[in-house]
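Since the structure comes first, as structure tokens, the remarks are kept for the end.
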Amino acid sequence: MPSGVEQYPHEQGEGTSVSFEQELLEQRREKLRRIESLGYPAYPHRFSYTHTLAQVLAVCSSKAAEELTQEKSIVRVCGRLQAIRGHGKAGFADLAQGEARLQVYVRKDAVGDRGFELYQLLDLGDFVGVEGYLFRTKTGELSVHVSELTLLAKAMLPLPEKWHGLQDVEVRYRQRYLDLLANVEVRRVFLTRSRLIRALRAALEQRGYVEVETPMMQPLPGGAVARPFRTHHNALDIDLYLRIAPELYLKRLVVGGLDRVYEINRNFRNEGVSTQHNPEFTMLEFYQAYSDYHDLMDLTEQLLPEVVRETCGTTTVLFGDQTIDMGRFARFTLREAISKFWPEESSRPQFSDLADPGRTVAMIETWNCLHPEEDRVPVPANSEAPSGEFSHGAALAQLFEAVCERKLIQPTIIYDFPVEVSPLAKSKPDEPGWVERFELFIGGMEIANAYSELNDPEEQRRRFEMQAALKEKGDLEAHEMDEDYLRALSYGMPPTAGEGIGIDRLAMLVTSSRSIRDVILFPLLRPEISPDAEKE
RNA sequence: GGGCACGUAGCUCAACUGGCAGAGCAGGGGACUCUUAAUCCUCAGGUUGCAGGUUCGACUCCUGCCGUGCUCACCA
């Protein structure tokens, strides 16, 4: 038999040589043509099966050879061909459905000449269906003795090699379907992610939360400090923004009497990409009326061990070379944390230093002296009234991140944040410069952010005005004035606490993934330039 | 955006100090009716990411570009 290429030269040759990949494609086209000429449809519409592969394995794995021979039960099963081993007028092949594998045994005298010709035209990756009886081979492997073989769909391109899998990171992300086929661990990561989200939903539903969906396209991007993506609606001729957070809409729903609401959905932020940041990411936000941030601290400490146990079967997870106990939480105020995690004994700031804006400057300068190259924190302006300058509070928040964040491996709640970096949070009654807000850190990453929601419309307006002043000074991330939100608050919002949990990062923790791209099926990459497009 | 690395056959990887681009798997042809990373014989498969430069000679050295990874900055 001459090779397919010689027999069927590529039509679009134009003098240039046909690439090897095209050659493989041509070979498979030819095989498919020959399968059709045997009378098999190339793309049949369905296959009625009696069992999934997992069902066959569950029922028969424990059955001995004699038992199977006695029953000689006929099954119809299907799947993707994962391995083919020929033996002249017979052959073995492995069918795969997800992680389930079942061997089939194809003999010429059992499937007939036509069936065996079909078998010889199969490639790795093809979908097939078989009918036959179950038996055990000499080596004891459960197999289907095939009497009828059907092609269900042909793989026109070769799948990645079975033994080494698919290693090329770029191909793994761009063609995730190949990654999922070639690397079982990848498949398991995404199944775990799915279980995590299901467990979160169950835990919230159980506590009386209602799931809602709020706009992803918003005329005003609000609820977070971040740069948005902009888009345009043609019919209305208006600019819209992909949401950076659902927060302001969810709180409108609390105004509307939905006392416990949550949403699990995508946020979009037009910012850098890193191992911890994807431009679109999944966030859980939930709001609970008649509660404050203390209640949410308690809830968080209940919820996380619960869902992690539901997802992983245990509350201890391995992350990098760290073992993290998701069932034990430490709590520090932001100011305590700076003092506690300060790297040098002699210059360690006391709590009183952190309360005094006048001393913040000296403290940051000390830090910057200790870390001349990186981890530098900008020094705030000396005025005590923040009016657009880089503020004392913002500086403290940055100092906290520089000093503490990557050291917070075990679950740690950091609470009480500067008002300047928290435009939507309620102030502490005794310290107006500080708000009732906490963040949860695990594995050196910020996992959750929560606060007692500011529900005083007058105060909220002043906060927005502070943000407007920042915007005036060129801060691209400052929060927008949102009159409609102020109107909603003016109708009255009960005391409410709200929290956002980064689902991707939580998924990283429970799947031991170092990069956020490993828990997002299709992370954002630059588009591929096709060789054809380049010629244009 | 900055820094550091990487890019060789469909896949996984070699190629010494600059000296003829190679192997395994996958693929084509052949043998084989209990194999399971099947085996045996055989054949084909490459603009070494792209574009320049240095050189008698470049996968190798230099410059630029493209893509990806890590990292820093920004952020969650």
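Letters A, B, ... mirror the listed sequences (proteins, then strands); counts begin at 1.
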Counting Watson-Crick and G-U wobble pairs only, both distances under 3.5 Å, name the nucleotide matched with [N], or none.
N: B:C4; result: B:G69
N: B:A58; result: none
N: B:U39; result: B:A31
N: B:C20; result: none
N: B:G10; result: B:C25
N: B:A15; result: none

Holding to side chain to side chain donor-acceptor pair (under 3.5 Å), I want the full list of residues that pass it with A:Glu280, two or more places apart in sequence or in another chain.
A:Arg266
Who passes side chain to side chain donor-acceptor pair (under 3.5 Å) against A:Lys426, sequence neighbours left out?
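Partners of A:Lys426 under the side chain to side chain donor-acceptor pair (under 3.5 Å) test: A:Asn455.
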May I ask you to say what [X] touches in the nucleic acid, namely base, sugar-phosphate or nothing, with a heavy-atom cut-off under 4.0 Å?
X: A:Glu161; answer: base
X: A:Asp109; answer: base
X: A:Arg101; answer: nothing
X: A:Gly165; answer: sugar-phosphate
X: A:Ser143; answer: nothing
X: A:Arg526; answer: sugar-phosphate
X: A:Leu525; answer: sugar-phosphate
X: A:Phe116; answer: nothing
X: A:Asn278; answer: base
X: A:Tyr105; answer: base
X: A:Val171; answer: nothing
X: A:Gly502; answer: nothing

If the [atom1] atom of [N] is compared with that of [M], how far apart are they to the nearest Å?
N: B:G7; M: B:C59; atom1: P; value: 14 Å
N: B:C16; M: B:A73; atom1: C1'; value: 41 Å
N: B:U60; M: B:G49; atom1: P; value: 8 Å
N: B:C61; M: B:C6; atom1: P; value: 9 Å
N: B:U63; M: B:G46; atom1: C1'; value: 26 Å

Output all residues satisfying salt bridge (charged side-chain N to carboxylate O under 4.0 Å, His left out) with A:Glu499, sequence neighbours left out; order by chain, then residue number.
none
Which nucleotide wins on minimum distance to the side chain of [X], given the candidates [options]?
X: A:Thr137; options: B:C34, B:A26, B:A38; value: B:C34
X: A:Arg107; options: B:U35, B:U33, B:G27; value: B:U33
X: A:Ala83; options: B:G24, B:A38, B:A73; value: B:A38
X: A:His87; options: B:C34, B:U12, B:C74; value: B:C34
X: A:Pro158; options: B:A26, B:G27, B:C74; value: B:A26
X: A:Arg174; options: B:C11, B:U68, B:A76; value: B:U68
X: A:Thr275; options: B:C70, B:G10, B:C32; value: B:C70
X: A:Gln167; options: B:G69, B:U33, B:C13; value: B:C13
X: A:Ser515; options: B:C70, B:G28, B:C32; value: B:C70
X: A:Gln27; options: B:G10, B:U33, B:G28; value: B:G28

Can you sort out the partners of [X] under side-chain contact (heavy atoms from CB on, under 4.5 Å), two or more places apart, ordered by chain and number?
X: A:Glu148; result: A:Arg76, A:Glu131, A:Thr150
X: A:Ala330; result: A:Phe332, A:Thr412
X: A:Glu170; result: A:Asp168, A:Arg174

Determine yes or no for a side-chain-to-main-chain donor-acceptor pair under 3.5 angstrom, with A:Thr282 supplying the side chain and A:Ile503 the backbone.
no
Please, which pairs that meet salt bridge (Lys or Arg N to Asp or Glu O under 4.0 Å) have at least one residue in residues 103-116 of chain A, sequence neighbours excluded?
A:Arg107-A:Asp109
Taking only side-chain N and O atoms of A:Arg505, does any of them lie within less than 4.0 angstrom of OP1 or OP2 on B:A76?
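Negative; the distance criterion is not met.
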Could you list the protein-to-nucleotides 2-4 of chain B atom pairs, N/O on both sides, closer than 3.5 Å?
none

Ionic contact status for A:Lys154 with A:Asp126, cut-off 4.0 Å:
yes
Ring centroids of A:Phe92 and B:A38 base under 5.5 Å with planes under 30°
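No; centroid distance or tilt outside limits.
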Flag side-chain contact, heavy atom, 4.5 Å: A:Leu424 against A:Arg463:
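SC-SC contact between A:Leu424 and A:Arg463 ruled out.
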Which residues in residues 63-75 of chain A have a heavy atom closer than 4.0 Å to any atom of RNA chain B?
none
Would you say the side chain of A:Glu141 and the base of B:U35 hold a donor-acceptor pair, judged only by whether the two atoms sit under 3.5 Å apart?
no
